Structure formats: C-alpha cells, structure tokens
2 protein chains.
Amino acid sequence: MKSLNLVGAFFCANFERYQEMKLPQYIQSYFGISDTDVNKVVELFEETTLNKGDYYVKAGHYCNQLSFIQEGFIRVWSETPTKEITQWISTPGYFITDLSSLIFKTTARWNLQALTDCKLYTIKQERYNQINHLVDNWDELEKLFIAKCFLTLEDRVFSQISMTAEERYQQLFELNPGLFNQVPLQYLASMLGMSPETFSRIRAKS
Amino acid sequence: MKSLNLVGAFFCANFERYQEMKLPQYIQSYFGISDTDVNKVVELFEETTLNKGDYYVKAGHYCNQLSFIQEGFIRVWSETPTKEITQWISTPGYFITDLSSLIFKTTARWNLQALTDCKLYTIKQERYNQINHLVDNWDELEKLFIAKCFLTLEDRVFSQISMTAEERYQQLFELNPGLFNQVPLQYLASMLGMSPETFSRIRAKS
DNA sequence: TTTATTTCTTGATATATGTCAAGAGGAACC
DNA sequence: GGTTCCTCTTGACATATATCAAGAAATAAA
C-alpha cells in the first residue's frame with residue numbers, strides 16, 4: 001500500500017506525489033520510457049467521463065477498456081450472499097480495469113462504479129493490445145508494473161492477517177488521509193474488513 | 001486460491017491436477033510453449049535440495065534464484081514486533097522466490113524456510129534473465145503468469161475481508177486438504193489470520 | 001429553504017476470537 | 001525405553017468486533 005497500489009481484480013497505481021500529474025507525466029514517470037514513446041501511448045487514450053452512480057463495468061460482463069482516473073472516485077465491489085464487499089476505492093492517479101477480463105477475456109470479477117462524477121483517460125482493448133508493437137520492451141515494462149501491483153497486494157494480505165482493526169484504520173489513514181473526507185466511510189470500513197460501526201468508533205477515538 | 005496461487009512476496013503456481021508432474025511438464029502446460037522451448041528453459045534449472053529448517057532466503061538478504069518445488073514444504077513468513085506471521089506455505093508444484101528481490105533487486109521481504117527436507121529445481125538469476133532471449137514472447141508469458149498470481153492474491157484479500165475464521169478454514173480445507181496432515185497446524189492458523197487455538201476449535205467441530 | 005435520503009454515531013448487547021495456562025499426545029533424541 | 005521438546009487441545013476468561021436499533025447529522029432533492 002506504499003507508493004503503488006492495485007486492488008480488486010483490477011489494477012491501479014498511485015504515487016502520492018503524482019496526484020497532480022496528468023496521464024503523460026504519469027506514464028513517463030512510471031514506465032520510464034522516452035517522450036516519443038510516451039506520446040505514442042498517450043495518443044491511444046481518449047478522454048471520457050462517468051457520472052456519479054454509473055458503472056465502469058459490471059461483474060459478469062466483459063471489460064474491454066482500461067482507464068486512468070484524472071478526477072473522481074471509483075469503488076470496486078462485489079456481492080456475497082449476505083453483504084456487499086468494497087474491495088478498494090480508486091482515486092485520481094490510479095489505473096482501473098478488470099484485469100482478468102482485460103487480459104484473459106473472462107467476464108469481470110468486480111463491479112466498478114463511480115462514487116462521484118469522474119474524468120478519465122480511456123484506452124480501448126484493441127488499442128491497448130497495440131502498445132507492444134509501438135513501444136520497445138513494453139511487455140517487460142508491463143510485467144514489472146503488474147509485479148509491483150502484486151507486491152502491494154501482498155502487503156495488504158499481510159496487514160489483514162497480522163493487524164487489528166484499529167491498526168488497519170491507522171495505516172490507511174496515514175497512506176491515504178484524503179479518502180477520509182471524500183467518500184462514504186462505510187466503504188472504507190468494508191475494504192478494511194470491519195463493520196461501519198467499528199470504523200466509526202475507532203474514528204471517534206482518533 | 002483456485003488453480004494457481006502465489007503469495008508472500010514470492011510467487012508460486014499450483015494446479016491440483018499437476019501435483020505429480022515434473023518441471024518440464026509443468027512449464028509446458030502452464031506457459032504453453034513448444035517442446036523445444038521447454039527444453040531450453042528446463043536446461044537452465046538444476047536440481048538442488050534443502051534440509052528441514054534451512055532457509056531458502058532470509059528477509060533482508062538478497063534472493064538471486066527461483067525454484068520449483070518437486071518435494072517438500074516451504075514456509076513463507078515474516079516478523080512483526082509481537083509475533084511471527086506465516087504468509088503462505090508452498091507445496092510441490094509451486095514456484096518460489098522472493099519476487100521483489102528477484103526482479104527489483106531489493107532485499108528480500110520474506111523468510112522462506114524449509115518445513116521438511118525439500119527437492120527443488122533451481123534457476124539462478126543470471127540464467128533466469130536469459131530466458132527472454134531464448135524463448136520468443138517470454139516477457140508476455142511471464143506477464144500473464146504474474147497477472148494470474150495477482151488475481152489469486154486478490155481473491156485472498158477478498159476472503160480475508162469478507163469471511164469468518166470458520167469460512168476461511170473450510171475454504172482452505174477444500175482447496176488444499178493435503179496441507180492439513182503434512183505441516184504444523186499453527187502455521188495454517190497464522191496464514192488464515194487466526195490464533196492456533198481458534199483453528200484447533202474449528203477443527204474439532206468439523 | 002424545506003423535505004427526503006443517505007450516512008454516521010452511539011448505546012446495549014451478542015458473538016467471535018484472542019489470551020493464558022495446563023495438560024495430553026506425539027515425534028525426535030539420547 | 002525414557003526423556004525432551006514441540007505441537008495440539010481444552011477450559012476459563014478477557015477482549016475485540018459484530019449486530020441491532022434509535023437517533024443525529026450530513027447530503028441530496030425538491
């Protein structure tokens with residue numbers, strides 16, 4: 001959950017220090033490719049928007065796009081027989097997609113739904129698949145990117161099996177204080193694996 | 001936690017149905033490359049062993065190898081100020097390494113320690129880095145492999161935030177019943193995020 | 001603004017899970 | 001075979017967290 005993060009059968013990356021950056025700067029700084037290559041990639045994206053409540057993708061459908069969040073919040077969630085679980089909330093600076101659907105052509109594992117109006121940069125699947133013809137070494141860079149995402153998720157498992165609810169709350173607050181006044185807290189509670197009431201009580205103490 | 005699994009700042013893959021397979025069959029079936037390519041890759045591995053209690057790598061050191069477990073069990077764990085957390089137990093059919101150390105040249109995040117005497121097929125880092133010159137498309141195949149690992153880990157986060165201790169116990173038992181009579185149960189408890197006593201009580205009920 | 005919804009808080013209580021401690025069983029070692 | 005060590009179990013109890021319910025606060029809608 002440090003610099004880069006990815007969660008929710010989708011992947012995303014977020015450097016705190018890059019929150020103000022736009023797509024080209026982001027791609028350049030993360031993948032470390034030349035300006036020429038950055039431009040080739042950026043041209044494949046187009047600006048799109050999502051209104052509050054809209055779904056980026058619904059579980060069980062196909063997800064044939066990947067986006068970068070410029071503004072807004074997107075909640076990644078899934079149903080269980082008894083409740084709805086929020087897996088993660090993606091914030092500006094993150095990439096979002098349903099990774100399984102995008103690269104393995106399965107149906108989407110998650111619901112991705114806009115918590116607020118969102119501005120996105122979006123790339124369609126066909127174009128996404130062209131990148132490795134345009135940029136030398138792209139497969140390796142992408143491998144490294146996903147590996148980083150893997151490591152981040154691994155940390156999250158570790159937090160979940162080793163820390164108390166209060167410690168997890170504090171950790172999230174340190175890593176992402178902005179979330180706490182921009183999205184419904186019940187979703188933060190869910191993604192930390194605790195009830196909204198427990199979350200509220202921890203918050204009152206802090 | 002279905003077919004393929006990876007945990008612990010290391011990655012691993014395990015198809016139940018392949019448990020009896022050896023390295024060449026495994027590589028061929030997972031990466032789907034030609035027999036010629038499989039042989040090129042397999043030649044880079046050498047057989048090694050690890051005695052019970054030995055470390056494959058210690059946290060804080062560098063891990064410059066990747067292995068496939070032919071026989072034995074390897075525990076992936078890490079210290080916290082108050083306790084020792086088992087992140088995962090790798091079984092025959094899994095690849096093991098400290099992924100961060102292997103591909104980002106960081107120090108290892110995890111301790112990997114043999115729970116039993118182990119037979120491994122091991123590839124050194126320099127040789128591992130040669131594979132993409134030997135096998136066409138290797139970077140992409142590796143990307144897909146790591147992505148699968150990512151999805152598996154994502155499921156694990158979901159289990160951890162959405163299920164009770166008993167449900168997690170049952171899920172692990174269904175997916176990997178063999179573990180329950182081959183390794184100390186306290187480690188299974190830890191990797192499921194519960195105390196050994198809770199684990200024991202759930203077990204007594206089942 | 002006023003109203004209607006949604007979200008958050010708080011108390012009372014139930015339940016799940018952790019901790020401590022003692023002992024039992026089993027495996028390893030001598 | 002006996003000892004030692006490690007692991008597992010079990011009971012008693014403590015604590016963390018969940019659940020239910022009511023109301024307050026905030027937000028969105030009219």
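We use all heavy atoms of the structure for the numbers below, so side chains are in, but hydrogens, waters and symmetry mates are not. Here is the naming used below: chain letters follow the sequence lines, and residue numbers restart at 1 for every chain. All figures in this text were calculated on a predicted structure; none of them were measured in a lab.
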Which listed nucleotide ([options]) is nearest to the side chain of [X]?
X	options	value
Ala165(A)	dT17(D), dT7(C), dT9(D)	dT17(D)
Pro184(B)	dT7(D), dA18(D), dC8(C)	dT7(D)
Ser195(A)	dC8(C), dC20(C), dT19(D)	dT19(D)
Gln186(B)	dT17(C), dC8(D), dC8(C)	dC8(D)
Ala204(A)	dT10(C), dT9(D), dC8(C)	dT10(C)

Check whether any side-chain N or O of Arg203(A) sits under 4.0 Å from OP1 or OP2 of dC8(C), and answer yes or no.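 For dC8(C), neither OP1 nor OP2 has a side-chain N or O of Arg203(A) closer than 4.0 Å.
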
Under 4.0 angstrom between Thr198(A) side-chain N/O and dA18(D) OP1 or OP2: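 Yes, such a contact exists.
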
For a quick check, tell me whether the side chain of Glu197(A) and the base of dC20(D) share a donor-acceptor pair closer than 3.5 Å.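 By the distance-only test, yes, there is a pair.
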
Arg201(A) near the nucleic acid: base, sugar-phosphate alone, or nothing, with a heavy-atom cut-off under 4.0 Å?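 Contact class for Arg201(A): base.
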
Check every strand shown and say whether Lys52(A) touches a base, only sugar-phosphate, or nothing at a heavy-atom separation below 4.0 Å.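 The answer is sugar-phosphate, as Lys52(A) gets under 4.0 Å only of primed atoms, P, OP1 or OP2.
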
Looking at [Y] and [X], is any side-chain nitrogen of the basic one under 4.0 Å from a carboxylate oxygen of the acidic one?
X	Y	result
Lys143(A)	Glu140(B)	no
Glu166(A)	Arg201(A)	no
Glu46(B)	Lys124(B)	no

Length of the line joining [X]:[atom1] and [N]:[atom2], which is rounded to integer Å:
X	N	atom1	atom2	value
Ile85(B)	dG18(C)	CD1	P	11 Å
Phe199(A)	dT7(C)	CZ	C1'	12 Å
Gln160(A)	dT17(D)	CD	C1'	13 Å
Asn51(B)	dA28(C)	CG	P	14 Å
Glu166(B)	dT17(D)	CD	P	19 Å
Met194(B)	dT9(D)	CE	P	13 Å
Lys205(A)	dG11(C)	NZ	P	14 Å
Ile202(B)	dA16(C)	CD1	P	11 Å

Leu120(A) side chain reached by Ile74(A) side chain, heavy atoms, under 4.5 Å: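 Answer yes - side chains close enough.
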
Toward the 5' end of DNA chain D, which comes first, Met163(A) or Ser200(B), by nearest nucleotide?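 So the residue in question is Ser200(B).
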
Evaluate the ring-ring contact (aromatic ring centres under 6.0 Å, His included) criterion for residues Tyr169(A) and Phe199(A): first the C-alpha distance (whole Å), next the side-chain angles of each, then the deciding distance (0.1 Å), finally the verdict. CA-CA 8 Å; Tyr169(A) 175 101; Phe199(A) 186 96; 4.9 Å; yes

